Amino acid sequence: MPRRRIGLLGGTFDPVHVGHLALARAACEALLLDEIRFIPTGRSWQKSAVTASGAQRLEMLRLAIAGCDGWTVDDRELHRDGPTYTIDTLDELRNELGPEPSLVLVLGSDQLRNLSTWHRYRDLLTLAHVAATQRGPHRLAEFDPSVEVMVATHGRDAL
């Protein structure tokens, strides 16, 4: 039986827009994902100004993906106290789902270039794969040296 592939697309989604949906669609097709989960951040440690409340962002996401098979919203980060970190979400998901499913963290190139600022970013690849695509002017190159080591160690195709 093939290994189940679950894509994870996080963000503030303030508001959710066609770019988010296009990225999810492209990731599903390119990575042969069985499911993609949109994960709205609770209290983002990177963005201080969020206009919509967590409940409003959650509702926007639910409306935006209604009718899309295999697309769900995971609201766990909205219920967390304090800053929300991707590594904590990955830990929780891995504990809930076990080792079998392949978790794929879907990022834009802006976040991959910023990865070295993430909390416990070096541990991400112990819990999930990372798939990145170019977003805007942010090239998929010239990373922070520590991120460059991760890319070199795991390979561009492996991430």
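Remember, predicted model here, so these are calculated numbers, not experimental data. The first residue of the sequence shown is numbered 1, and numbering continues consecutively from there.
For residues 1-21, the set of pairs meeting the salt bridge (charged side-chain N to carboxylate O under 4.0 Å, His left out) definition, not counting sequence neighbours, comprises Arg4-Glu35.
The backbone N or O of Ser53 sits less than 3.5 Å from a side-chain atom of Gln56, completing a donor-acceptor pair.
The two residues His119 and Tyr85 have their closest heavy-atom pair at CB-CD2, 3.2 Å. Of all heavy-atom pairs between Phe38 and Ala24, the closest is CZ-CB, 3.5 Å. Between Ala131 and Leu31, the shortest heavy-atom contact is CB-CD1, 3.6 Å. Heavy atoms only, all atoms of each residue included: Ala132 and Leu112 are closest at CB-CD2, 3.6 Å. Here the closest non-hydrogen pair linking Arg57 and Gly11 is NH1-O, 4.4 Å. Nearest heavy-atom pair across Leu78 and Thr41 is CD2-O, 3.2 Å.
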Pairs under 3.5 angstrom only: tabulate donor-acceptor contacts from the side chains of residues 59-71 to other protein residues two or more places apart or in another chain.
none

Test side chain to side chain donor-acceptor pair (under 3.5 Å) applied to Asn114 and Thr117, step by step: CA-CA 6 Å; Asn114 195 34; Thr117 67; 3.1 Å; yes
Given the rule in the side-chain contact (heavy atoms from CB on, under 4.5 Å) test, do Leu124 and Ile87 qualify, once you have shown the distances and angles that lead to the verdict? CA-CA 6 Å; Leu124 291 174; Ile87 194 69; 3.9 Å; yes
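With sequence neighbours left out, the salt bridge (Lys or Arg N to Asp or Glu O under 4.0 Å) criterion links Asp91 to Arg120. With sequence neighbours excluded, the residues that form a side chain to side chain donor-acceptor pair (under 3.5 Å) with Arg76 are Asp74, Glu92, Glu96. In terms of the side chain to side chain donor-acceptor pair (under 3.5 Å) criterion, residue partners of Ser146 (sequence neighbours excluded) are, by chain and number, Tyr121, Asp144.
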